[in-house]
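Let me begin by presenting the structure, written as structure tokens, before commenting on it.
Only a predicted model underlies this, so the values are computations on that prediction, with no experimental measurement involved.
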Amino acid sequence: MGGSHRRGVRILLIGDAGVGKTSLILSLVSEEFPEQVPPRAEEITIPPDVTPEKVPTHIVDYSEREQSVDQLRSEINRSDVICVVYSVEDEDTLDRVTCHWLPLIRSTLGQQHHIPVILVGNKVDLVDYSTMEIVLQTMMEYPEIETCVE
């Protein structure tokens, strides 16, 4: 991605069904949470004039219900950043970050890949606790995790 003419940044959101990937994307675009959430959002392009880096940003949603593992691997290979979304109210979705999603990324890109991964804890408005302590341990095991947010 060298040079001054970047083609844009491609951000892929992956995670278990129901963790809120599509809601996150749609609320970013509309600035409100949608009443009706489709299984998957269409790819969204944010124009360069509204991004700090002045490059187009493409946000891609993944749905296990609508897409195959081959399609997911193709999207992983095309991504500049991968957000692994989990629900802070569902411990199983956090467990699957380490037992499914991060190993899938590594098996697709290789053990020493350089694509940054961001862990996104969603639905924090539904609980009165944080998962950051657990997530920080995960970050120690997976150096490709750039940061985590709730």
Side-chain angles (χ1 to χ4, degrees), residues 1 6-110 113-136 138-139 142 144-150:
M1 271 210 276
R6 286 188 69 167
R7 60 175 167 68
V9 175
R10 192 167 181 82
I11 302 170
L12 173 64
L13 275 72
I14 62 174
D16 288 355
V19 296
K21 301 176 299 292
T22 305
S23 291
L24 280 173
I25 293 168
L26 296 177
S27 65
L28 170 74
V29 174
S30 68
E31 297 184 7
E32 60 184 28
F33 283 100
E35 294 287 324
Q36 295 291 322
V37 181
R40 180 172 159 253
E42 293 300 315
E43 181 175 322
I44 292 169
T45 301
I46 300 170
D49 56 331
V50 294
T51 65
E53 293 79 21
K54 302 294 182 215
V55 296
T57 302
H58 307 277
I59 301 175
V60 179
D61 193 6
Y62 171 72
S63 170
E64 280 184 303
R65 284 182 237 146
E66 294 194 348
Q67 294 170 284
S68 69
V69 173
D70 287 341
Q71 287 170 310
L72 173 57
R73 287 184 186 275
S74 173
E75 285 297 348
I76 289 171
N77 279 312
R78 295 175 60 202
S79 297
D80 298 306
V81 177
I82 300 169
C83 294
V84 181
V85 183
Y86 66 93
S87 170
V88 296
E89 68 164 356
D90 184 349
E91 203 174 292
D92 291 345
T93 66
L94 181 54
D95 290 342
R96 289 209 2 117
V97 167
T98 53
C99 72
H100 178 73
W101 296 108
L102 292 171
L104 178 71
I105 293 168
R106 280 186 172 180
S107 73
T108 303
L109 297 174
H113 72 86
H114 298 291
I115 304 293
V117 174
I118 299 171
L119 297 185
V120 180
N122 200 19
K123 302 187 180 186
V124 293
D125 56 321
L126 302 178
V127 297
D128 58 0
Y129 55 84
S130 172
T131 57
M132 280 301 170
E133 205 168 291
I134 299 164
V135 170
L136 291 173
T138 304
M139 287 181 72
Y142 291 85
E144 62 266 42
I145 299 174
E146 193 76 26
T147 190
C148 55
V149 293
E150 283 189 345

Could you check whether E43 pairs with R10 (Lys NZ or Arg NE/NH1/NH2 to Asp/Glu carboxylate O, under 4.0 Å)?
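A salt bridge links E43 with R10.
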Distance, nearest 0.5 Å, that separates [atom1] of [X] from [atom2] of [Y]:
| X | Y | atom1 | atom2 | answer |
| --- | --- | --- | --- | --- |
| L94 | E89 | CG | CD | 13.0 Å |
| R40 | E42 | CZ | CD | 6.0 Å |
| I76 | I14 | CD1 | CD1 | 5.0 Å |
| I59 | T45 | CD1 | OG1 | 8.5 Å |
| L104 | R73 | CG | CZ | 5.0 Å |
| L28 | I25 | CG | CD1 | 8.5 Å |

Could you tell me which non-hydrogen atom of [X] sits nearest to which non-hydrogen atom of [Y], and how far apart they are?
| X | Y | result |
| --- | --- | --- |
| S87 | V19 | N-CG1, 3.7 Å |
| G20 | K123 | N-CE, 4.4 Å |
| A17 | R65 | CB-NH2, 3.7 Å |
| C148 | M132 | SG-SD, 3.5 Å |
| P56 | P48 | N-CB, 3.8 Å |
| I115 | S79 | CD1-O, 3.4 Å |

Under a 4.5 Å cut-off applied to non-hydrogen side-chain atoms, are [X] and [Y] in contact?
| X | Y | answer |
| --- | --- | --- |
| T93 | N122 | no |
| R96 | Y86 | no |
| I145 | L102 | yes |
| T98 | Y142 | yes |
| D16 | D90 | no |

Would you please say whether a donor-acceptor pair under 3.5 Å links the side chains of D61 and T22?
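Side chains of D61 and T22: pair found under 3.5 Å.
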Within a 6.0 Å radius of atom CD on E146, are there more than 12 heavy atoms belonging to other residues, nucleotides or ligands?
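Result for CD/E146: open.
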Going by the side-chain contact (heavy atoms from CB on, under 4.5 Å) test, name the single residue among T57, I118, D80, V60 that passes it with I11.
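The residue from T57, I118, D80, V60 that satisfies side-chain contact (heavy atoms from CB on, under 4.5 Å) with I11 turns out to be T57.
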Does any N or O in the side chain of [X] come within less than 3.5 Å of the main-chain N or O of [Y], such that one atom is a donor and the other an acceptor?
| X | Y | value |
| --- | --- | --- |
| E150 | T131 | yes |
| S74 | D70 | no |
| Y62 | Q71 | no |
| K21 | V85 | no |

For a side-chain contact (heavy atoms from CB on, under 4.5 Å) check, start with the C-alpha distance between I82 and L109, then their side-chain angles and the critical distance, and finish with the verdict.
CA-CA 12 Å; I82 300 169; L109 297 174; 4.2 Å; yes
One pair to check against side-chain contact (heavy atoms from CB on, under 4.5 Å): T51 and V9. What are the steps and the verdict?
CA-CA 10 Å; T51 65; V9 175; over 6 Å; no
